[in-house]
Amino acid sequence: MPELPEVETVVRRLRRPLVGRTITAVRATWANSVPTGIPHLQRALPKRKILSLNRRGKYLKFDLSGGYYLFIHLKMSGDLEIEGQSEAPHPHDRTVFQLDNKKELRFRDPRKFGRVYLVKDESRVTGKLGPEPLTIEEDSFLNLFKGKKGRLKPLLLNQEFIVGIGNIYADESCFEAGIHPKRKVQTLKKEELQRLLKAIKQILGKAIKFNGSTFDFVYRGGGFQNHFKVYDRKDEPCKRCKTPIKRIILGSRSTHFCPKCQS
DNA sequence: CTAAAATCCTGGTGGC
DNA sequence: TGCCACCAGGATTTTA
């Protein structure tokens, strides 16, 4: 469930302790977690220095010495922890990066959806991704919708259209903009799209301030879940008008909205 | 072309 | 209390 704000929170937490460190060894226990191959990781990663750590969409991007990039996608249940090499390993540790300071970066992922990629050509991982919602200009955002069809929410979830927005923040953004998630995008007026971009930036920004949302048993984020206005609030009163929040399935995703405030 | 469904996964939940 | 079917969901792949 980690979306843009949660990944951003993880990146900010890890940047200081990781940048400048050198990877000394790699352990990995689940082959599907590493599409570019565990042996490749173990061969190519040792002695590489972490030059920088950033976020691209929902990916963590490690810039390494020697022209390599390490990408990690947390998907549903992934999390990253820095712990001492002597600390007991966790049963859900899938890939562990040993560091040159007696510590290690542990990629913990109960549901095994998360992925680790080691590449020299970063476009192999991020080549098809859409623009970043926090920095996109209004004109570019409006242009994204030219010639697009379908319902609004599935488009917002499409990472080739725009990155970083997942099920929670799509619902919250639609509510904040007062737009029904089922609206056909061709019918959206310029003024509505302007409102939508403002809503997206506001919601994502606020979620980052709260260090993201804490989800179920796995992901330890921040406190934004206490500020949800529609997500996971089926039948509860709308914070704006008291009308019960509705839950439908849209694009095979649970979708929450206020039938009165959103049209 | 679009859209929906299946796929990968496991801990939590609700029903009995 | 115990068992079990079912659900959640990001992104990709398959089917309609």
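Residue numbers start from 1 in every chain, and the chains themselves are labelled A, B, ... in the order their sequence lines are given, proteins ahead of strands.
In this structure, A:H92 and A:H90 have tilted ring planes: the angle between them lies in the 30° to 60° band.
When only modelled atom types and interatomic distance are considered, A:Y59 and A:Q159 share no side-chain donor-acceptor pair under 3.5 Å. Donor-acceptor pairing under 3.5 Å is lacking for the side chains of A:K47 and A:T22. In this model, no donor atom of one side chain and acceptor atom of the other lie less than 3.5 Å apart for A:T24 and A:D100. The closest side-chain donor-acceptor pair between A:Y231 and A:S254, if any, does not fall under 3.5 angstrom. For the residue pair A:T187/A:R183, the side-chain donor-acceptor check at 3.5 Å is satisfied.
Atom-to-atom, CD of A:Q186 to P of B:dT2 comes out at 10 Å; the value is rounded to the nearest Å. The CE atom of A:M76 sits 11 Å away from the C1' atom of C:dA11 (whole-angstrom rounding). When rounded to the nearest whole Å, the span between CD1 of A:I249 and C1' of C:dA8 equals 10 Å. Rounded to an integer number of Å, the gap from CZ of A:F161 to P of B:dT2 is 13 Å. The distance between atom CG of A:D109 and atom P of C:dG9, rounded to the nearest whole Å, is 17 Å. Rounded to whole angstrom, the span from the OH atom of A:Y169 across to the C1' atom of C:dG9 amounts to 14 Å. We find that NZ of A:K153 is positioned 9 Å from P of C:dG10, with the value rounded to whole Å. Rounded to a whole Å, the CD1 atom of A:I168 is 8 Å from the P atom of C:dG10.
A:Y231 comes within 4.0 angstrom of sugar-phosphate atoms only, judged by non-hydrogen atoms across all strands, and of no base. Residue contacts for A:R247: at a heavy-atom cut-off of 4.0 Å it reaches the sugar-phosphate backbone alone, with no base atom in range.
In terms of phosphate contacts, A:H92 brings no side-chain nitrogen or oxygen within less than 4.0 Å of OP1 or OP2 of B:dT10. Residue A:K75 places no side-chain N or O under 4.0 Å from the OP1 or OP2 atom of C:dG9.
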Mind listing the N/O atom pairs, protein and nucleotides 3-9 of chain B, below 3.5 Å?
residue	atom	partner	partner atom	Å
B:dC9	OP1	A:N32	ND2	2.6

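Each end of the helix from B:dT2-C:dA16 to B:dC16-C:dG2 gets its own axis, taken as the rotation carrying the C1' atoms of four end pairs onto the next four within a five-pair window, and the two axes meet at 60° to the nearest 10 degrees.
Looking only at distances, a side-chain donor or acceptor of A:T36 sits under 3.5 Å from a matching main-chain atom of A:L118.
A cation-pi arrangement is present between A:K120 and A:Y68, with the terminal nitrogen or guanidinium carbon under 6.0 Å from the aromatic centre and inside a 45° cone about the axis. For the pair A:R115 and A:F107, the NZ or CZ position fails the cation-pi test of under 6.0 Å to the six-membered ring centre and within 45 degrees of the ring normal.
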